[in-house]
Amino acid sequence: MIINNKGILNEFLNLIFICDDFDDINKSYRLYSEELRNKIENELENLRISYGSDMNQYDIAEIFYLLLCHLLLKKNFNYNNLLEWIFQLKKGNGFSHCLESFKSRFPKFSRSTKLFPFPVEVFSTCYALLIINQLKPGALNIEDLKNMVKILRESQQESGFIYSKEYSNTKLERRFDEELLLQTYLALVVLTIFSERTPLEDFFQETSTLITSFLEKKKDNLPFSLTAIYHLIIILKICSYEFNDDFWMRINVRLQKYYESNTCMFYDYILSQKTDERMGSRSLTHLDVNTPLIHSTILGYVLHKIIPTRFWVINELKNVSINDISMELMKGKAIKIKNFKPDFGPKITSFDLFLIIVFPSIYNELKKI
Amino acid sequence: MILDKYPFGELNFLNLIVESNGSIISEYFDSGLLHKYEKTFTYQLDEENKQIKLNAPRSKIQIILPYKYTINSNLLIASGLYVGDGSKNAITFSQKEDNAKLLMMDVVLSLFSNINFKLFINEDATYFFESNSELKLEIKEFMNQNKDKYTKQFTLISKIDELSEEELFCAVYNENKYQKYKEKKLYEKFRSVLKKFLVLKPIFEDYLKIEKRHVLDELKVSKELLSDDKLYPNVRLPGVKGGGKLGKGSRSEELDMRELNTFKELFYKVIFDIEISITNNISNIKINQKPWLTWYPSILYLNSYRYAKKLSWVYGNKRIGYRVVDNINDTFKLKWMKKENILPKKVLISPLILFFAGLYLAEGNTPKINIFEFLTKRVTRLKLGITGSEDKSISIAINAMLSFFGDAGRLDYWRLKIGSKYFAEVNSLASRIGIPVLRRGPGGEGYATPSKLTLFYINWLKEVYPTLDQMNLFNKFDHVEYTGSGIPRIDIFFDDMLKYFLFGFINEAVKKGVILNNCMVIQK
């Protein structure tokens, strides 16, 4: 087991191409104006408070990014309560994503979920392992940790993707690309952090071969959303996949389609590529509203750090103030869905905030290119 | 008292048309879209017969309206039906169930006489094949009985292996459609029957037409109302209409009343103002009381106690009914299996209940044919629930059930369904949190996790369905499903033991049943 003294999360950020150094983010963050920093920190406090009272509302992914934000900004957070909460999620050799008491909010909440507890899932186990080993390495029994890491690896399916089938018998073709890639990405990150790399070489190679061949059925051999593309590239990077020019060309072409030049932001998906799952036909999208989102915008820029044949957007970014872009992002970007006025989900999430906090360090690196 | 003879209110066409100088304006919000209708008609008054002769601009068609039209149960049920299953752009009504279509024709004719109807019968080609790609037995028999008529098809079928798929396709459709169909997943899935379908399409369509004629004859529908040349069968390419797999069909029928299209502003005004007025009455909104639509104070009651005693249906091999026991305070105990509910002995039959009956026929989760057959035939799949993508239809359903069954009619639970047109947004929302969207069941239609998404949906639903919030019904939330292809919508469910009572009422209200009419009382 490798436990990094600088903290597991530094290694995590490194692996996912957000930054090379945890401390560097804090320095770059000072690029933001005081007004913007206050806005970010107020929003962070609002999110923390909103989770404060009701443990049922906690979701492990949200908590993970909330913790990251606090660590990056060196802010206080009640870590003891957090650890206690996470250990309540532990079930056998994994973690579920929220407390069983969530169901008490909805007495009628599916009869099926009443009979079965919330399942242990790959993504929730990964987030839990990262949190525990950042805050208190050793808090999780070493045998438990080894077992969980082993089970994560064993959760790899024939398709190459890593997910738990124990509670869900949904066919591969009916699972969302976003689900498959996010869970596999998290599992590979955790495997890389907590295992020796050498015995995993073959495993990684096989994983990249299987996943790229699965994607051959997709348009441009790529998944639908920008977030999924980002996860795919991190997966392939971890697997030391030999990228060729054609691959990067396809990524470049796709990124241009996600880009919205008026605002220098990125959409998470391309409207014209929306398809009906059942029919495989294009959806009618004339009434759809596609909004460039915070996470897709910043992940779009992170991708520019990774791809070798870079897209002209970097030059545009150099001419725009990071304060201006982030100030616009901090207004919040909610998803709008066809035919409905209310926002579909919140305007800002803890993952969005985390990305806004790390954005200046990404911007600095892009400027150097 | 005969239900459909009872006057619930009146439409004052004279007020509507004369006071606006022939200008008819209405607005309607449906599936997230605001529809606006506006047209100015010319009119002449026939004072002797108390009729209005109405002409649309640039149209030779004239309709004759009475000064006043009595709102009866048929119009109320038909309004609910049209709101659920009718088009909001052209006057067409999509409903497979024949009794419902007949009621709609009846109402339209009584409002606007001399209207010609057309019936489009749509089916997926998958319906005509067995799972092994062979033709269904009944189709083979039909072909054999009509050998002489289909010689061309018989010749083509005998040498089908030699025929080119592309040529056959282009002979029926065109090259462009062929290329588009080939791009679909369905193409490979149903390729084994594609050539046969292209050759036999006219036979399949004739089969549908003759099948429908038999059903209409059994229902004693006159040929003047729907003659054979007004039946338009249309068999679609395999899978395109949603057949799913060979042997399974996806039938839909559309009653076309487009002749009325030049007067659609008036037709929609009638249907939608009835719904709006009923919804406003629920919410006690007194403003904008339309002088052209007035409700009479209703004094028509259903003797529920007597009706529950008399109602019987086919269950297994026998006829059975509820067990009914007297109770205190003008109530009775309704018992079914091990369950029981306390119901009021008398229920006021209001426009709300009758409108809901129509809405249930359109949007209810019960196969409509079962509602019309369960009294006389053994049927399965009777579930008491209704789907709504609009707050007003959910509000109507919840309030109608309460007014019909008292406290026993309260909502049991509800769930959210999100269709595939919205999967991109759902996945983006999950990505913004850093979680995957997890589904259950082989096809992914089962209940979904993670729960954090559910909390976001709940917040969103509070704005979309304020009725659920106002009536404190969010604690009755059950689960989320990613299923179908349509707009996010909710399914609400009620105590299942009430289904026989409700379906019996709907059945007889549409078919003018004797038992129901015997249980109607007027009480001042």
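Only a predicted model underlies this, so the values are computations on that prediction, with no experimental measurement involved. Residue numbering restarts at 1 for every chain, and letters A, B, ... go by the order of the sequence lines.
With chain A as partner, the option from K180(B), E463(B), E425(B) having the largest number of non-hydrogen pairs under 4.5 angstrom is E425(B). No other option in N427(B), L429(B), I433(B) has as many heavy-atom pairs under 4.5 Å with chain A as N427(B). Ranked by non-hydrogen atom pairs under 4.5 Å with chain B, the options T170(A), I337(A), D177(A), V122(A) are led by T170(A). For the options N459(B), V480(B), D412(B), heavy-atom pairs under 4.5 Å to chain A are most numerous at D412(B). Among the candidates Q183(A), E121(A), E179(A), the residue making the largest number of heavy-atom pairs closer than 4.5 Å to chain B is E179(A). With chain A as partner, the option from G444(B), P488(B), S431(B) having the largest number of non-hydrogen pairs under 4.5 angstrom is S431(B).
In this structure, the portion of K333(A) lying under 4.5 Å from any heavy atom of chain B is its backbone and not its side chain. In this structure, chain B has a heavy atom under 4.5 Å from the side chain of Y127(A), while its backbone stays farther away. If you measure heavy-atom distances from V426(B) to chain A, the contacts under 4.5 Å come from both the backbone and the side chain. For L182(A), the part sitting under 4.5 Å from any heavy atom of chain B is the side chain, from C-beta outward, and nothing else. When heavy atoms are compared at a cutoff of 4.5 Å, I458(B) approaches chain A solely by way of its side chain, counted from C-beta outward. For S350(A), no part lies near chain B; criterion is any non-hydrogen pair under 4.5 Å. In this structure, the portions of I435(B) lying under 4.5 Å from any heavy atom of chain A include both its backbone and its side chain. For F474(B), the part lying under 4.5 angstrom from a heavy atom of chain A is the backbone only.
Side-chain contact annotation: N89(B) with S87(B), donor-acceptor N/O pair under 3.5 Å absent. If you check the side chains of T387(B) and N365(B), you find a donor sitting under 3.5 Å from an acceptor.
Both the sub-6.0 Å distance and the 45° axial angle are satisfied by K383(B) relative to the ring of F493(B). Stacking of K452(B) on the aromatic ring of F456(B) is recorded, both the 6.0 Å distance cut-off and the 45° axial limit being met. K103(A) forms a cation-pi arrangement with F118(A), by the criterion of a distance under 6.0 Å to the ring centre and an angle within 45° of the ring axis.
Residues meeting the ring-ring contact (aromatic ring centres under 6.0 Å, His included) test with H295(A), sequence neighbours left out: none.
To the nearest 0.5 Å, the span separating NZ on K274(A) from CG on D288(A) amounts to 3.5 Å. Taken to the nearest 0.5 Å, the CD1 atom of I131(A) stands 9.0 Å off from the CG atom of L89(A).
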For residues 340-347 of chain A, dump all side-chain donor-acceptor pairs below 3.5 Å to protein atoms at least two apart in sequence or in another chain.
{"residue": "D343(A)", "atom": "OD1", "partner": "K336(A)", "partner atom": "NZ", "Å": "2.6"}
{"residue": "D343(A)", "atom": "OD2", "partner": "K347(A)", "partner atom": "NZ", "Å": "2.9"}

